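All remarks here apply to the structure that follows.
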Amino acid sequence: MSTLQLSAAEIEAIERATIAAVSPDVAEEIDGWLLPFTSGTVKRAKSAVPLHRDAVEAATLDRIEDRYDSHQAAPALRLADAPCFDSLRAELERRHYVADSPTCVQIASVRRMRQVAGPGAALADVDGAPDGAWSALFLGEGFDPVDGAHRVRMLSRAEGTLYASVRENGRTLAAGAMAFGHGWASVHGMRTDQAQRGRGLAGRVLAGLAQAASERGFERVFLQVDAGNQAARSLYRRAGFETHWKYSYWLRQQWP
């Protein structure tokens, strides 16, 4: 974990930017929580998240559950592994929620991220809209096509998002996206063709996105990565990213 502390305003900005980047169908606010609602597989787009680091009363959880029930959606929370939420986690376990998919929230400087491709490496192309080849990579061999289709749909409709591609012979071999909002740039949807891994293509994607962020005056960038994805975490470490907190998704189990 990074020793650099973020302010309450910075944490809130990151959480708001995260939801905006995955463009849920609807988002509501209750008691300092942001509640996105959508269909599909993207958990960030359908999990309630606190905009603070304060203790949470059981009554707030009641209201969150009521709102998800009213949308005919399964209640889910994206909860940081912070001590202030200890009592909430105990209450979630009492209500038969289970924690899943531990994820790291990581931050870097745009300048450091720009350097990851190495001197002389060609940057990824960065476009204002995704093309067919960019989208096709998410549906390619080795990726879940249903999840890929949902991610393409959500990233494609997020306002102001940029789309990076490393292209060879008419094919996109590596791709990613960058959103801008609430004072932050953020990286999403990193993908590399499985047969092309180990060539530094993902670094070129990051460097291209960093260049675009720098040109727009952004100094800091965040991303979120599966805690168990060691290959991705190694790449992001080389790009200067440090973990500032971890979170898990808490999902309510169905009981008779």
Side-chain angles (χ1 to χ4, degrees), residues 18-26 36-49 68 71-79 97-106 124 127 129-158 161-168 170-179 186-206 209 222-236 241 246-254:
T18 295
I19 298 301
V22 294
S23 57
D25 297 327
V26 179
F37 300 93
T38 199
S39 59
T41 61
V42 182
K43 292 180 182 178
R44 293 175 205 166
K46 56 182 184 180
S47 302
V49 62
Y68 276 89
H71 283 265
Q72 297 183 321
L77 286 75
R78 180 163 59 85
L79 195 59
Y97 283 72
V98 174
D100 188 24
S101 304
T103 303
C104 302
V105 177
Q106 300 190 324
D127 304 304
D131 60 15
W134 187 94
S135 301
L137 182 58
F138 286 75
L139 312 177
E141 184 176 353
F143 298 117
D144 181 337
V146 174
D147 179 67
H150 285 298
R151 291 182 186 279
V152 167
R153 178 176 67 89
M154 307 201 80
L155 291 172
S156 297
R157 70 184 188 182
T161 295
L162 298 178
Y163 306 88
S165 302
V166 175
R167 301 179 174 107
E168 288 183 7
R171 292 180 58 217
T172 293
L173 304 182
M178 174 167 276
S186 55
V187 174
H188 305 271
M190 292 288 292
R191 292 290 186 278
T192 301
D193 185 312
Q194 288 200 343
Q196 304 295 329
R197 293 179 178 176
R199 296 179 52 197
L201 304 183
R204 291 169 59 187
V205 170
L206 289 176
L209 292 172
F222 75 86
L223 55 77
Q224 301 178 27
V225 58
D226 186 322
N229 190 341
Q230 295 303 323
R233 292 183 65 179
S234 178
L235 167 66
Y236 299 146
F241 282 91
K246 293 182 180 179
Y247 66 75
S248 296
Y249 292 95
W250 286 79
L251 311 176
R252 188 173 70 181
Q253 304 302 292
Q254 298 301 316

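Since the structure is predicted, the reported quantities are computational estimates derived from the model, not experimental observations.
Of all non-hydrogen atoms in A158 and A20, the two that sit nearest each other are CB-O, 4.0 Å. Smallest separation of non-hydrogen atoms from T161 and A179: OG1-CB, 4.0 Å. Heavy-atom minimum distance, V152 versus W134: CG2-CZ3, 4.3 Å. For the residue pair P145 and L139, the shortest heavy atom distance occurs at O-CD2, 3.5 Å. Nearest heavy atoms, A202 versus A174: N-CB, 4.5 Å. Of all heavy-atom pairs spanning G176 and L209, the tightest one is C-CD1, 4.3 Å.
Here the OG atom belonging to S234 is positioned 10.0 Å from the CG atom belonging to N229, to the nearest 0.5 angstrom. Expressed to the nearest 0.5 Å, how far OH of Y236 lies from CG of L223 amounts to 5.5 Å. Y163 OH to S156 OG: the interatomic distance, rounded to the nearest 0.5 Å, is 5.0 Å. A distance of 12.0 Å separates OG of S101 from CD of Q224, quoted to the nearest 0.5 Å. In this structure, OG1 on T172 lies 14.0 Å from CZ on R191, to the nearest 0.5 angstrom.
Summarising the local packing, CD of E141 is surrounded by 12 or fewer heavy atoms from other residues, nucleotides or ligands at distances under 6.0 Å. Other residues, nucleotides and ligands contribute only 12 or fewer heavy atoms inside 6.0 Å of the CD atom of Q72.
Counting only heavy atoms from C-beta outward, the side chains of H188 and R151 never approach each other to under 4.5 Å. For the pair D100/V98, no side-chain contact is recorded, criterion being any heavy-atom separation below 4.5 Å from C-beta on. Between D25 and T38 there is a side-chain heavy-atom pair separated by less than 4.5 Å. At least one side-chain heavy atom of L235 sits under 4.5 Å from a side-chain heavy atom of L206. Looking at Y97 and L77, their side chains come closer than 4.5 Å, going by heavy atoms from C-beta outward. Using a 4.5 Å heavy-atom threshold, the side chains of K246 and P102 count as separate.
Among K46, R44, K43, the single residue meeting the side-chain contact (heavy atoms from CB on, under 4.5 Å) criterion with R78 is R44.
Formation of a donor-acceptor pair under 3.5 Å by the R157 side chain with backbone atoms of S23 is found in this model. Side-chain N or O atoms of Q253 include one that pairs as donor or acceptor with a backbone N or O of L251 at under 3.5 Å. Although no hydrogens or angles enter the test, the distance criterion places no donor-acceptor pair under 3.5 Å between the side chain of D127 and the main chain of A129.
A ring-centre distance under 6.0 Å is found for Y68 and F37.
The aromatic rings of Y249 and Y247 stand perpendicular to each other, their planes meeting at an angle above 60°, with 30° marking the opposite boundary.
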